[in-house]
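A quick write-up on the structure given underneath.
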There are 2 protein chains.
Amino acid sequence: MRLSELSAVSGISPASIKFYLRSGLLEPGQAVHPTRAEYGDAHVRRLRLIQGLRSVIGLGLEDIRRIIEASDGAETSGHKRLALLATVQSVVLGFSNSGTREPPTVKELVLQMGWPDEDSEARAAVGEHLAAMTAAGVAADPAVLVLYARAADAIADAQLTVTDGQRSVEELILTAAVGMHLHNQLILKVIALAQASRSIQRYAQQGPHTQKGRDGDASQPFDESD
Amino acid sequence: MRLSELSAVSGISPASIKFYLRSGLLEPGQAVHPTRAEYGDAHVRRLRLIQGLRSVIGLGLEDIRRIIEASDGAETSGHKRLALLATVQSVVLGFSNSGTREPPTVKELVLQMGWPDEDSEARAAVGEHLAAMTAAGVAADPAVLVLYARAADAIADAQLTVTDGQRSVEELILTAAVGMHLHNQLILKVIALAQASRSIQRYAQQGPHTQKGRDGDASQPFDESD
DNA sequence: ATATCAAGATAGTGCAACTATCCTGAGCGC
DNA sequence: GCGCTCAGGATAGTTGCACTATCTTGATAT
């Protein structure tokens with residue numbers, strides 16, 4: 001198909017497609033003439049990947065390119081997919097690995113969860129982040145960490161099962177990244193809900209709160225609009 | 001103090017301060033003359049808040065303004081702080097509330113967690129997000145949701161205790177937002193670690209995996225520096 | 001009285017992600 | 001065969017955001 005058709009199929013403007021071509025995010029397509037190139041299904045998938053990573057996760061084109069580069073030749077074996085997933089994680093989460101040494105909490109966590117006690121970028125990232133949080137004065141409670149890990153473990157397995165069934169690398173990446181992102185957002189919102197719930201429980205005694213009349217305290221008619 | 005001193009104290013360039021003034025993020029300060037204005041401690045705090053929300057969480061100025069607007073007059077009582085925290089959540093997490101009706105899972109979760117069965121933006125957001133995930137084909141398992149909720153519950157309480165002790169509204173917001181953000185990042189990284197761990201366990205049998213989850217790709221010599 | 005410095009306004013910068021325009025050259029009709 | 005039109009490729013412009021630099025005006029100090 002031609003660029004214009006590719007545009008029609010993918011829903012991305014020809015101008016943007018050209019832009020992606022220029023940026024090296026999309027391969028040039030089989031050039032049948034100096035002025036005519038043929039695009040295939042791989043291009044459609046690639047565009048979908050780019051679009052998905054941008055719109056859903058909000059990745060920049062630079063990050064997307066890194067993922068795409070890592071995806072080259074990863075169709076084949078399971079362990080190559082593994083490597084690819086690691087890269088996706090690394091890019092999506094912005095791993096830096098600035099060489100902090102791992103807090104003991106991490107090893108404890110790994111052992112407690114029955115995870116293989118191996119180095120990985122993700123593990124280093126967890127260690128670093130814990131250190132950073134401690135440094136920022138918002139140290140994470142190890143008990144909370146275990147709760148996180150249990151939740152994480154549950155979704156990790158589910159995610160892997162889903163990603164296992166993907167046909168193309170593009171779908172693999174998209175499923176992994178989008179799934180990760182959506183779960184993350186979900187957790188955040190659950191935390192928000194937990195905080196809201198806890199707040200209500202805490203402040204119900206102190207001040208009147210409007211909605212459901214959990215307490216009959218009507219001493220001060222506060223305006224709670226924001 | 002003058003603008004220049006405010007700049008010196010806060011470490012933000014006079015130009016940026018002016019920009020914030022124009023944007024309405026910072027109040028104009030007591031104008032003693034048409035050409036001289038007096039800034040106070042509140043301005044310093046406000047600037048710190050803006051800076052923190054931008055640099056740590058990466059919020060846009062528009063979002064920051066929404067938070068700031070919500071913070072006006074929230075110094076006083078506990079339940080106003082509650083409302084403020086809700087706004088902070090709403091902005092940081094980008095709540096939209098487009099009117100999806102809540103999946104039954106949410107009420108079950110709330111009951112199971114012993115949270116007050118009340119409406120809130122956070123609750124609506126959870127409901128919507130679950131619906132969205134289902135729609136996207138990555139439905140969240142209720143069992144997983146409970147795991148999330150347990151983790152969320154644990155940190156919510158801790159977070160609230162921390163935020164309770166804050167002196168100024170600005171510190172309150174910053175603590176809440178930064179804490180939330182850091183926990184978010186932590187969870188993501190733990191998920192990444194879980195996935196990496198699970199992957200290793202899965203693929204260890206199928207293919208050779210090399211220490212770091214990567215191997216030298218023989219087919220194409222692409223540069224894998226990151 | 002004027003030099004100077006601060007406050008306010010206006011316009012410019014840099015980056016990211018497009019988007020619009022132009023140019024060239026191929027295929028097709030006449 | 002010749003030009004018209006349209007696709008592909010390159011170049012430059014646009015938009016949005018967050019500043020940043022400059023310019024103007026007017027008050028305070030000398």
Side-chain angles (χ1 to χ4, degrees), chain A residues 1-40 42-44 46-68 91-92 94, chain B residues 1-40 42-44 46-69 91-92 94 177:
Chain A
M1 68 184 83
R2 313 210 202 311
L3 195 148
S4 53
E5 300 175 72
L6 181 62
S7 166
V9 170
S10 64
I12 295 171
S13 76
S16 293
I17 294 179
K18 287 182 181 183
F19 177 70
Y20 293 151
L21 284 167
R22 280 199 302 284
S23 311
L25 289 177
L26 197 61
E27 283 147 51
Q30 191 70 6
V32 289
H33 288 297
T35 174
R36 195 127 313 182
E38 191 64 18
Y39 300 95
H43 291 92
V44 178
R46 175 64 57 89
L47 280 178
R48 271 201 244 284
L49 175 63
I50 295 171
Q51 194 59 17
L53 290 177
R54 269 209 59 61
S55 64
V56 180
I57 310 192
L59 283 188
L61 297 188
E62 206 49 47
D63 288 338
I64 292 177
R65 181 162 60 222
R66 284 175 53 202
I67 289 179
I68 283 175
V91 171
V92 171
Chain B
M1 72 185 83
R2 311 211 203 312
L3 196 147
S4 54
E5 299 175 70
L6 181 61
S7 166
V9 170
S10 64
I12 295 172
S13 76
S16 293
I17 294 178
K18 286 183 182 183
F19 177 71
Y20 294 151
L21 285 166
R22 280 199 303 284
S23 312
L25 289 177
L26 197 62
E27 283 148 51
Q30 190 72 5
V32 290
H33 288 297
T35 175
R36 196 128 309 182
E38 189 65 17
Y39 300 94
H43 291 92
V44 178
R46 175 63 58 87
L47 281 178
R48 270 201 245 283
L49 175 62
I50 294 171
Q51 194 59 20
L53 289 177
R54 269 210 58 62
S55 63
V56 180
I57 310 194
L59 284 188
L61 297 188
E62 206 50 47
D63 288 339
I64 293 177
R65 181 161 61 221
R66 283 177 52 203
I67 290 178
I68 283 174
E69 275 165 11
V91 171
V92 171

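Letters go in sequence order (proteins before strands), and every chain restarts at 1. Given the structure is predicted, the values throughout are model-derived calculations rather than measurements.
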Taking the side chain as C-beta and beyond, is there a heavy-atom pair between [X] and [Y] under 4.5 Å?
| X | Y | answer |
| --- | --- | --- |
| A/Leu61 | A/Phe19 | yes |
| A/Ile57 | A/Asp63 | no |
| B/Val9 | B/Leu6 | no |

Once you round it to whole Å, what is the distance between [atom2] of [N] and [atom1] of [X]?
| X | N | atom1 | atom2 | answer |
| --- | --- | --- | --- | --- |
| A/Leu53 | C/dA17 | CG | C1' | 15 Å |
| B/Ile64 | D/dC19 | CD1 | P | 8 Å |
| B/Phe19 | D/dA18 | CZ | C1' | 5 Å |
| A/Leu21 | C/dC18 | CG | P | 14 Å |
| B/Lys18 | D/dT25 | NZ | P | 15 Å |
| B/Leu3 | D/dA27 | CG | C1' | 16 Å |
| A/Glu62 | C/dC15 | CD | C1' | 12 Å |
| B/Leu25 | D/dC17 | CG | P | 13 Å |

hbond_proxy B/Arg22 side chain to D/dT20 base (donor-acceptor, 3.5 Å cutoff): yes
Terminal axis angle for the helix from C/dA1-D/dT30 to C/dC30-D/dG1, five pairs an end, nearest 10 degrees: 40°
Side-chain donor or acceptor of B/Arg46 paired with backbone N/O of B/Glu27 under 3.5 Å: no
Pairwise distance OG(A/Ser13) to OH(A/Tyr20) - rounded to 0.5 angstrom: 8.0 Å
Distance below 4.0 Å between [X] side-chain N/O and [N] OP1 or OP2:
| X | N | value |
| --- | --- | --- |
| A/Arg54 | C/dA17 | yes |
| A/Ser23 | C/dA17 | no |
| A/Tyr20 | C/dA17 | no |
| B/Ser16 | D/dA18 | no |

Nearest-nucleotide comparison on DNA chain D, the residue closer to the 5′ end among B/Arg36 and B/Gln51: B/Gln51
Check ion pair B/Arg66-B/Glu69 (N to O, under 4.0 angstrom): no
Counting side-chain heavy atoms from CB outward, which of [options] is closest to [X]?
| X | options | result |
| --- | --- | --- |
| A/Ser13 | C/dG8, D/dA7, C/dT19 | C/dT19 |
| A/Arg2 | C/dA20, D/dG8, C/dA6 | D/dG8 |
| A/Ala15 | C/dT19, D/dA21, C/dA17 | C/dT19 |

Partners meeting side-chain hydrogen bond (donor to acceptor under 3.5 Å, both in side chains) with A/Gln30 (sequence neighbours left out): none
